[in-house]
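Heads up: the structure comes next, in structure tokens.
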Number of protein chains: 2
Amino acid sequence: MRTPRARIDSRGFRQVCGYAARVVKRRRAAARRHPRDLRRYVAGPRKVPTLSAQRTTLADVAAAAGVSVSTASLAFSGSGPIADRTRERVLEAARTLAYAGPNPLGRQLRRGRSGIVGVVMGDVLRRAFRDPVTVQVLDGLTARLGPLGLGVLLVPGPHDTTQPPVDPLLSTAAMDVAVQMWGGTTDDPVLETLRNRGIPVVLVEGTPQPDVAVVGIDDRGGMAELTRHVVGLGHRRIATVTLPFDRDRVEGPAGPGRLSGIAWEITRRRLAGVTDAGVEPTVVWETPASLVEHGAAAGRALLQAADRPTAIICQSDLLASGVVLAARELGLRVPQDVSVAGFDGLDLPWLAPDVLTSVAQPLADKGAAIGDAVADLLAGRDAEERVLPVALREGTTTGPVPV
Amino acid sequence: MRTPRARIDSRGFRQVCGYAARVVKRRRAAARRHPRDLRRYVAGPRKVPTLSAQRTTLADVAAAAGVSVSTASLAFSGSGPIADRTRERVLEAARTLAYAGPNPLGRQLRRGRSGIVGVVMGDVLRRAFRDPVTVQVLDGLTARLGPLGLGVLLVPGPHDTTQPPVDPLLSTAAMDVAVQMWGGTTDDPVLETLRNRGIPVVLVEGTPQPDVAVVGIDDRGGMAELTRHVVGLGHRRIATVTLPFDRDRVEGPAGPGRLSGIAWEITRRRLAGVTDAGVEPTVVWETPASLVEHGAAAGRALLQAADRPTAIICQSDLLASGVVLAARELGLRVPQDVSVAGFDGLDLPWLAPDVLTSVAQPLADKGAAIGDAVADLLAGRDAEERVLPVALREGTTTGPVPV
DNA sequence: GTGAAAGCGCTAACAA
DNA sequence: TTGTTAGCGCTTTCAC
């Protein structure tokens, strides 16, 4: 069947070198001018599609429309002058050939852009998605990214220390920009990998550092305000339940040793807010993740201790709601027996009739701000730091200190 | 500065045609042999990276290592024979040049594969992510996809009828396979778009149809078993709260008109399960989304009606938990005054001390099954239908009918 | 307003 | 085991 110099390549195309190549090329070119002969190069109509295999190419469409490839390209991209009639003819040809538009792979290589924003989650996906904060930010982000023609590629984040430090996707997948959702210490392996690849980064709630765009909120200020509110109610014995300190994800009261080495900026800042308000927590309880069950565990421990705190300030609403549930479980009334405050300003209807006293952060805006930072980086501007405001929201879970 | 035939193209490369081109090519080739002269073609070391711009190419590395490009390629892909020493030399050169590995864009075009699986969510992301079912399935899916070198691109699903039927990402982004999370009726615009693009599809809980791989669970059987359990407890006045019927997302009791035109397979099947057990629900309450608040709304309405049902069977745990909350709110005891059952088998700690009676579906396995189906399609096999088993799980929310 | 030509960065078939 | 060669499908520059 095959002449010595012809062969079929991995994608089913016939390839020929030297003189014969020119002959074949001429044949394919001819085929383009006579769509009838295209059969061999086109996937059967509506057959079970195997790969992303999109056999019909712009060249085929151009040939069918009787224009050059470049003109056909213009018809689709709209990024140049083209006569209305010509465009119409091209689109008509595309319709006839069931051409669904330019192959993104070719376009991407040529443009040097993938149109993809890698989003590195702060955790394994399951846990990350259970956090409404992450989810709402992600939602705000995609809303901003959509109109820019950008899509979100999910990249699992650092799990625990038993896992390899970065997901292979991070080192190999195409992405124009990366967003790291939480964490991002200076020596973060994720940031290191991205830096090596030359991929610009937007860091959310991380440690500011050179060459990285940062988006965050005024959580230190918000936490200070929240604490002052609690102090204003007369509380002095105040415990605090925190987000994880680092990838070790320890659970329990943190001694001075651990307190001095908090790797995650967000945890450190929110803790600093408490101190700023002049409060020295009776206990700093570290959790392995911002989840209801960890809050409940903390609540049980703190509220059954001898010298029970009269107020518990939590670094997230999920943790706070766990504490509220634990209090209820123990027969303690909130806020009569114990006050509980959270952070984030989530709407947690299942906590009804209670509404958490919390610090509300603008989640959708934060997502949008991340999107703006992404757009900045993509446009070659270096993104300024974006810090969004927060607002104290009084609910029903804080009240005067019990007498 | 420029000769008539030289120009700078959009990505900053000098381009020249004809004879001059050969000269320039020779110059660049020379530069490759003498890394010192590369400066112009390489991004400055560790400067603020602008685009995904990764200026150093495999050719540069090959030149520096004194091998051909194809050999250098082998060193990275490992998909061919190469001497250990040669590979080492190439990797060494890569290190020196801060080359972080082959540009995925080039690789993708050449291979005809993007390594991307588009996941079309059943809803706007915010709502989709609030559903633990979706999230856990997604988690199981990414776990299976990771080792295959595939990443997940999030594609917002159909919102409501006021929005355009498909997200632009769906029609333009590169993806080797698409997964549609829910829905997928025969005339679904999402499926239509993917079919036109020749992208193979895995449909989750949708209507089986030609050329589409389907993954689902035995929800009809599970629902029948659940209903028989409730009937066995003596209940006869049984209402049911369902998932959405279609993109219209109506909320309230469904009349015969709506009941006859349920577009979403999953809703229809779970409803059929109830009927299979010989139960004619007193009310079929349609919800706009599987969320706690819609369950609560349904619960309030159903439990305040004159002829209150003694049991409410819900098509999801989230809906069921909303009903439980509504019952508590109304001062009704569960299950003494009313029995409530759900579907999915979620762990909802905040419902404590109650544990929902439910039908557990293997969420992580479902994600894995989707991953397997993806792998099948990618390998050119056509995927058989995958139906996973479910299991009745008795909790504390169902009990004997009140006397 | 249209066409010719070049080439993005890579992989794979084949020859050597 | 390595090198030569072709080309994936597209966009863009420049000439006309």
Side-chain angles (χ1 to χ4, degrees), chain A residues 2 4-18 20-22 24-25 28 53-62 65-77 79-87 90 99 101-113 174, chain B residues 2 4-18 20-22 24-25 28 53-62 65-77 79-87 90 99 101-113 174:
Chain A
R2 309 198 224 155
R5 303 193 63 93
R7 69 279 182 101
I8 308 297
D9 85 353
S10 59
R11 264 151 299 118
F13 277 112
R14 185 151 178 209
Q15 300 207 324
V16 186
C17 322
R22 281 191 296 280
V24 165
K25 276 197 169 177
R28 288 189 65 184
Q54 178 187 338
R55 275 293 126 92
T56 314
T57 72
L58 194 53
D60 299 321
V61 174
V67 299
S68 73
V69 210
S70 47
T71 303
S73 175
L74 257 31
F76 284 98
S77 69
S79 64
I82 184 176
D84 280 354
R85 264 196 58 251
T86 313
R87 186 192 9 256
V90 173
Y99 179 75
N103 180 328
L105 264 26
R107 178 192 294 239
Q108 284 171 19
L109 175 59
R110 176 58 230 231
R111 296 226 250 232
R113 291 258 182 121
Chain B
R2 308 198 225 154
R5 303 192 63 93
R7 68 280 181 102
I8 307 296
D9 85 353
S10 60
R11 264 152 299 116
F13 277 111
R14 187 155 177 205
Q15 300 207 323
V16 186
C17 322
R22 281 190 295 282
V24 165
K25 277 197 168 176
R28 288 188 66 186
Q54 178 186 336
R55 274 293 127 92
T56 314
T57 72
L58 195 53
D60 299 321
V61 174
V67 300
S68 73
V69 213
S70 51
T71 303
S73 175
L74 257 29
F76 285 98
S77 69
S79 64
I82 183 174
D84 280 355
R85 265 196 57 250
T86 313
R87 182 185 21 251
V90 172
Y99 178 75
N103 181 329
L105 264 28
R107 177 192 294 238
Q108 284 170 18
L109 175 59
R110 176 59 231 230
R111 292 209 179 142
R113 291 258 180 120

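Every chain is numbered from 1 and lettered A, B, ... according to where its sequence line falls, protein lines coming before strand lines.
Residues Gln108(A) and Arg113(A) form no side-chain contact, since every pair of their non-hydrogen atoms from C-beta on lies 4.5 Å or further apart.
Taking all atoms of both residues into account, the shortest heavy-atom contact from Ala72(A) to Leu58(A) is CB-CD1, 3.8 Å. Contact between Leu105(A) and Ala174(B) at its shortest, heavy atoms only, is CD1-CB, 3.5 Å. Considering all non-hydrogen atoms of both residues, Phe76(A) and Gly101(A) come closest at CE2-CA, 4.2 Å. Residues Tyr99(B) and Val61(B) share a closest heavy-atom pair of CG-CG2, 3.4 Å.
With rounding to whole Å, Arg111(A) atom CZ is found 13 Å from dC8(C) atom C1'. Computed from coordinates, the Gln108(A) CD to dC8(D) P distance equals 18 Å when rounded to whole Å. The CG atom of Leu105(B) sits 10 Å away from the P atom of dC10(C) (whole-angstrom rounding). Atom pair Leu109(A):CG and dG9(D):C1' shows a separation of 9 Å (rounding to whole Å applied). Going from atom CZ of Arg55(B) over to atom C1' of dC10(C) covers 16 Å, rounded to whole Å. Across the protein-nucleic acid pair, Asn103(B) atom CG and dG9(D) atom C1' stand 15 Å apart, rounded to whole Å. One interatomic measurement links the two molecules: CZ of Phe76(A) to C1' of dG9(D), which rounds to 13 Å at whole-angstrom precision. Protein atom CZ of Arg113(A) is 24 Å distant from nucleotide atom P of dG9(D), rounded to whole Å.
Contacts of Thr71(A) classified as side chain to side chain donor-acceptor pair (under 3.5 Å), with partners at least two apart in sequence or in another chain: Ser68(A). By the side-chain contact (heavy atoms from CB on, under 4.5 Å) test, Ala75(A) is found to be paired with Ile82(A), Arg87(A), Val90(A), residues two or more places apart in sequence or in another chain being considered.
Taken residue by residue, residues 80-87 of chain B places heavy atoms nearer than 4.0 Å to DNA chain D at Pro81(B), Ile82(B), Ala83(B), Thr86(B). Within residues 65-73 of chain B, the residues approaching DNA chain C are Ser70(B), Ser73(B), by heavy-atom distance under 4.0 Å.
Contacts of Ser77(B) with the nucleic acid, taken as non-hydrogen atoms under 4.0 Å apart, are absent.
Distance from the side chain of Ser79(A) is smallest for dT12(D) among the nucleotides dT12(D), dC10(C), dG9(D).
Each of Leu74(A) and Gly106(A) has a nearest nucleotide on DNA chain D; the 5'-most of these lies closest to Gly106(A).
Distance check: Asn103(B) CG to Leu109(A) CG gives 7.0 Å after rounding to the nearest 0.5 Å. Rounding to the nearest 0.5 angstrom, the gap separating the OG atom in Ser73(A) from the CZ atom in Arg110(A) is 9.5 Å.
At dC10(D), one or more side-chain N or O atoms of Tyr99(A) fall inside 4.0 Å of OP1 or OP2 (strictly under the cut-off). When the side-chain nitrogen and oxygen atoms of Arg107(A) are compared with OP1 and OP2 of dT11(D), one or more of them lie within a distance under 4.0 Å. Side-chain nitrogen and oxygen atoms of Arg110(A) include none within less than 4.0 Å of the OP1 or OP2 phosphate oxygen of dG9(D).
Rounded to 10 degrees, the angle separating the terminal helix axes of the helix from dG1(C)-dC16(D) to dA16(C)-dT1(D), each built from five base pairs, is 30°.
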